[in-house]
Amino acid sequence: MTEELKKILENAVGKIAGDLGKEIPDGFIVRLERPRQTGHGDWATNIAMQLAKPFGLKPRELADRIIAEIPFGQTVEKAEAAGPGFINFTLASDWITETVRNAISKDKDYGRVDSGKGRRVQVEFVSANPTGPLHMGHGRGAAVGDITASILDFAGWDVEREYYINDAGLQMELLGRSAQSRYFDALGRGEEAPMPEDGYHGDYMTEIAASFVDKYGDSLAQKPLEETVEFFSVETGRIIIEMIRKDLEEFGVTFDVWFSEKSLYDNGQVEPAMEELKKRDFAYEEDGALWFRSTLFGDDKDRVLIRTNGVPTYFTSDVAYLKNKYDRNFEKLIYVWGADHHGYVPRLKSVNKAFGHPDDAVDVLLIQMVNLLRDGKPVQMSKRAGTIITLREIMDEVGVDATRFFFVMRRCDSTLDFDLELAKKATSENPVFYVQYAHARICSIYRELEERGIALPSIDEFDVSLITDQTEINLAKAISKLPEEVEKAADEFAPHRIAYYATELAEAFHSFYNSQRILGVDEPLMKTRILLMEAARIALKNVLVILGVSAPEKM
RNA sequence: GCGCCUGUAGCUCAGCCGGAUAGAGCAACUGCCUUCUAAGCAGUGGGCCGGGGGUUCGAGUCCCUUCAGGCGCGCCA
């Protein structure tokens with residue numbers, strides 16, 4: 001629909017350029033936008049303002065000349081110059097028929113676009129250390145990552161979701177010693193293996209230790225402590241990862257790949273990555289350590305890759321991991337990180353450049369903090385005091401649907417107030433219910449139709465001439481926006497756009513529903529409205545699928 | 001000290017690559033159920049887009065500066 005309009009405008013502009021003997025500037029493209037004001041028609045363009053100077057005309061004058069070249073009829077019903085030089089278009093009502101036909105025939109695929117062109121993209125998210133349960137912040141990252149991935153999939157990308165398990169390094173050893181200590185506690189021999197200074201104290205550690213006792217009795221206490229640390233570390237990590245995996249699965253998030261940091265070392269992928277940096281002269285040895293020349297990329301000092309004592313830093317793994325990702329032929333890499341890691345972004349980008357990859361192949365989504373509100377007051381959380389709120393607690397309290405929706409309701413780079421009371425409310429104040437309710441209402445009408453023995457009409461029975469009410473037109477317009485919203489959300493990695501769009505779509509439906517009846521009107525009109533409603537149901541359903549929120553048939 | 005994020009209606013936030021009279025939701029107020037789900041709809045009021053400068057036909061949007069809040073600046077992860 002907009003493609004045709006663009007073509008019409010390109011032709012018009014071309015003809016005028018010819019008449020004037022002027023050139024169209026390089027890189028010029030016709031852009032169409034949705035006017036903010038409904039009174040300004042369906043679409044608008046600012047080409048007259050853009051071309052005024054090169055054409056040597058006043059914007060309004062040029063706008064009038066462009067309009068004079070437009071063939072009215074099939075596509076465009078009305079075009080008028082407005083404001084400083086906009087051209088506003090009202091489309092012929094065909095677009096409504098097209099929208100309804102399109103939605104119903106594509107059904108589950110309605111809203112899919114192909115801006116991704118089948119390119120491979122990896123979204124790596126959550127990637128929490130396997131040292132404890134996921135908390136709120138991880139939850140937001142999980143929702144943002146998962147929904148971003150869904151959006152990209154809908155936009156025609158070939159998407160892989162990946163969880164990077166930080167199972168190498170000192171944290172894991174600390175975890176092992178903590179588990180070991182709890183294990184001895186469980187045997188009543190706590191003094192033999194004291195809890196390390198910064199050990200993991202959570203209740204889950206006690207439970208894990210108990211499971212070791214169940215499984216191994218006191219056999220693990222027979223050997224010297226140092227000999228079993230590794231075992232405790234690996235096994236505890238495995239148990240916690242499984243716990244995390246279950247929580248995420250219940251949260252509606254599943255990964256294609258669980259990638260172990262340790263495997264980079266076990267499979268010898270770290271050394272070659274370091275060698276490549278050295279070969280390209282981005283790494284050098286000094287003072288017994290291996291350094292990355294981050295100063296070449298504006299960092300204030302070079303950064304250590306391999307410490308003097310021979311132990312690699314986390315940065316080392318990340319270099320190897322980045323290389324590994326490219327080896328798997330991804331064209332685009334998306335990292336979802338907590339905003340507290342933002343200082344690390346330039347370093348990752350630097351490595352990316354050092355390897356000779358385009359800068360925009362890597363995108364890092366920084367997720368700001370979540371403030372949990374109960375009774376309108378922030379809930380104080382402290383790791384030290386053990387008062388961390390876990391993702392599981394939130395899911396259990398407010399449900400998966402509301403949790404997911406709330407986590408993507410705001411732009412990622414803005415801190416999020418998560419109001420527990422609001423998330424649980426079953427009123428229109430709560431956007432999740434508002435959207436789901438629209439879907440349930442439609443399904444309710446279907447039940448009524450079934451009872452009255454009325455079948456879903458065929459698309460050919462849609463009669464656009466019967467669509468006269470503004471709420472009907474607004475609903476059709478909202479439905480027609482799904483593909484463009486998906487494209488924009490994918491383009492910007494902005495899942496919140498879809499949450500906003502979902503609300504807008506639901507609003508258009510509720511408004512229509514309240515003002516017009518479906519049953520009890522003349523049959524042709526009833527059929528036309530049923531088809532419009534069916535298109536709305538499909539759009540709502542697909543949007544909820546993208547968000548990973550259920551679409552209830554009854555509420 | 002340096003860097004990143006944020007600052008828009010009473011509250012929570014949208015605002016796309018600079019465009020028209022800055023938008024939602026909530027809260028407040030007024031209406032709407034004998035008919036498909038009122039968990040809904042319609043309407044009203046509410047603004048120095050943190051402040052100051054600049055860029056230009058045009059700035060909430062871009063640049064500089066300043067103020068306020070948050071978060072980072074290890075051979076920790």
Side-chain angles (χ1 to χ4, degrees), chain A residues 29 31 33-37 39-40 44 46 49-50 52-53 58-59 82-86 88 129 131 166 168-172 198 261 287-291 298-301 303-315 317-318 338-346 366 368-369 371 373 376 409-417 419 422 425-431 433-434 436-438 440-449 451-452 471 484-485 488-489 491-492 494 496-497 499-500 503-504 506-507 509-520 526 529 533 554-555:
Chain A
I29 50 163
R31 302 197 87 98
E33 57 184 72
R34 296 274 190 181
R36 276 205 284 240
Q37 297 266 331
H40 291 150
N46 63 355
M49 286 182 279
Q50 285 184 352
K53 210 169 258 177
K58 286 181 181 159
F86 287 100
N88 295 331
N129 292 336
T131 52
N166 295 106
L170 293 169
Q171 295 303 313
M172 290 311 288
D198 306 308
E261 177 185 6
D287 303 332
L290 182 67
W291 299 77
D299 204 345
D300 50 357
K301 57 173 288 196
R303 303 291 168 173
V304 169
L305 285 160
I306 311 281
R307 287 176 271 236
T308 319
N309 62 8
V311 178
T313 60
Y314 63 97
F315 183 38
S317 322
D318 284 351
D340 52 343
H341 288 71
H342 72 254
Y344 188 63
V345 176
L366 294 171
Q368 284 292 343
M369 300 196 332
N371 292 316
L373 301 178
M409 233 169 26
R410 304 286 175 240
R411 251 171 47 215
C412 298
D413 43 17
S414 155
T415 56
L416 171 74
D417 284 341
D419 186 330
L422 178 59
K425 251 183 210 168
T427 71
S428 62
E429 289 168 59
N430 183 344
F433 281 83
Y434 186 78
Q436 291 179 317
Y437 185 48
R441 269 183 152 175
I442 295 175
C443 294
S444 166
I445 295 178
Y446 285 155
R447 284 191 293 275
E448 185 65 27
L449 284 172
E451 218 153 276
R452 300 190 190 190
T471 62
E484 71 200 63
E485 289 295 332
K488 278 190 273 193
D491 199 46
E492 298 165 29
H496 76 278
R497 293 195 74 108
Y500 269 88
T503 314
E504 187 184 323
E507 184 178 26
F509 173 76
H510 286 308
S511 179
F512 158 73
Y513 177 91
N514 267 273
S515 108
Q516 305 300 324
R517 292 198 55 80
I518 287 109
L519 298 168
M526 177 185 78
R529 284 188 178 152
M533 187 175 70
K554 238 181 215 177
M555 286 175 78

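Computed from a prediction, not measured in an experiment: that's the story for all the values here. Letters go in sequence order (proteins before strands), and every chain restarts at 1. No hydrogens, no waters, no symmetry mates; every other heavy atom, side chains included, goes into these values.
The A:Q368 side chain lies nearest to B:C5 when the options are B:A20, B:G74, B:C5.
Within 3.5 Å, a donor on the side chain of A:N88 pairs with an acceptor on the base of B:A20, or the reverse. With hydrogens and angles left out, the side chain of A:Y314 and the base of B:A77 share a donor-acceptor pair within 3.5 Å. Taking only distance into account, the side chain of A:H342 meets the base of B:G3 through a donor-acceptor pair shorter than 3.5 Å. Remark: the A:S515 side chain and the B:C41 base include no donor-acceptor N/O pair separated by less than 3.5 Å.
Between atom CD of residue A:Q368 and atom CZ of residue A:R410 there is a gap of 14.5 Å, rounded to the nearest 0.5 Å.
The phosphate of B:C75 has OP1 or OP2 within less than 4.0 Å of a side-chain N or O from A:K301. Side-chain nitrogen and oxygen atoms of A:R441 include at least one within less than 4.0 Å of the OP1 or OP2 phosphate oxygen of B:A38. Distances shorter than 4.0 Å separate none of the side-chain N or O atoms of A:R34 from OP1 or OP2 on B:C16.
Position along RNA chain B of the nearest nucleotide to A:E507 versus A:M369 favours A:E507 as the more 5'-ward residue. Residues A:D300 and A:T313 both approach RNA chain B. Their nearest nucleotides, taken by heavy-atom distance, put A:D300 toward the 5′ side.
Across the protein-nucleic acid pair, A:F315 atom CZ and B:A77 atom P stand 12 Å apart, rounded to whole Å. Counting to the nearest Å, the P atom of B:G15 and the CG atom of A:D413 are 9 Å from each other. When the C1' atom of B:G74 is taken as reference, atom CD1 of A:I306 falls 16 Å away, rounded to whole Å. We find that CD of A:Q516 is positioned 12 Å from C1' of B:C41, with the value rounded to whole Å. When the P atom of B:A24 is taken as reference, atom CD of A:E504 falls 11 Å away, rounded to whole Å. Distance CG (A:L416) to C1' (B:C5): 15 Å, rounded to an integer number of Å. Rounded to whole Å, atom P of B:U35 lies 12 Å from atom CD of A:E448. Computed from coordinates, the A:D198 CG to B:A77 P distance equals 13 Å when rounded to whole Å.
Ring-plane geometry between A:Y500 and A:H496 is classed as perpendicular, the angle between the planes exceeding 60 degrees on a 0 to 90 degree scale with a lower cut at 30. Ring geometry for A:Y344 versus A:F315: interplanar angle over 60°, hence perpendicular rather than tilted (30 to 60°).
A gap of 7 Å separates the C1' atoms of B:A22 and B:G60, to the nearest Å. Comparing the C1' positions of B:A20 and B:G53 gives an interatomic distance of 26 Å, to the nearest angstrom. For the P atoms, the distance linking B:A42 with B:G47 amounts to 23 Å, nearest Å. Nucleotides B:A59 and B:C75, compared at atom C1', are 47 Å apart to the nearest Å.
Base contact: A:M49 has a heavy atom under 4.0 Å from a base atom. When heavy atoms are screened at a 4.0 angstrom cut-off, A:T415 is found touching the sugar-phosphate backbone but no base atom.
Contact detail for A:A440 and A:R447: the closest heavy-atom pair is O-NH2, 4.5 Å.
No side-chain N or O of A:Q171 forms a donor-acceptor pair with one of A:T131 less than 3.5 Å apart.
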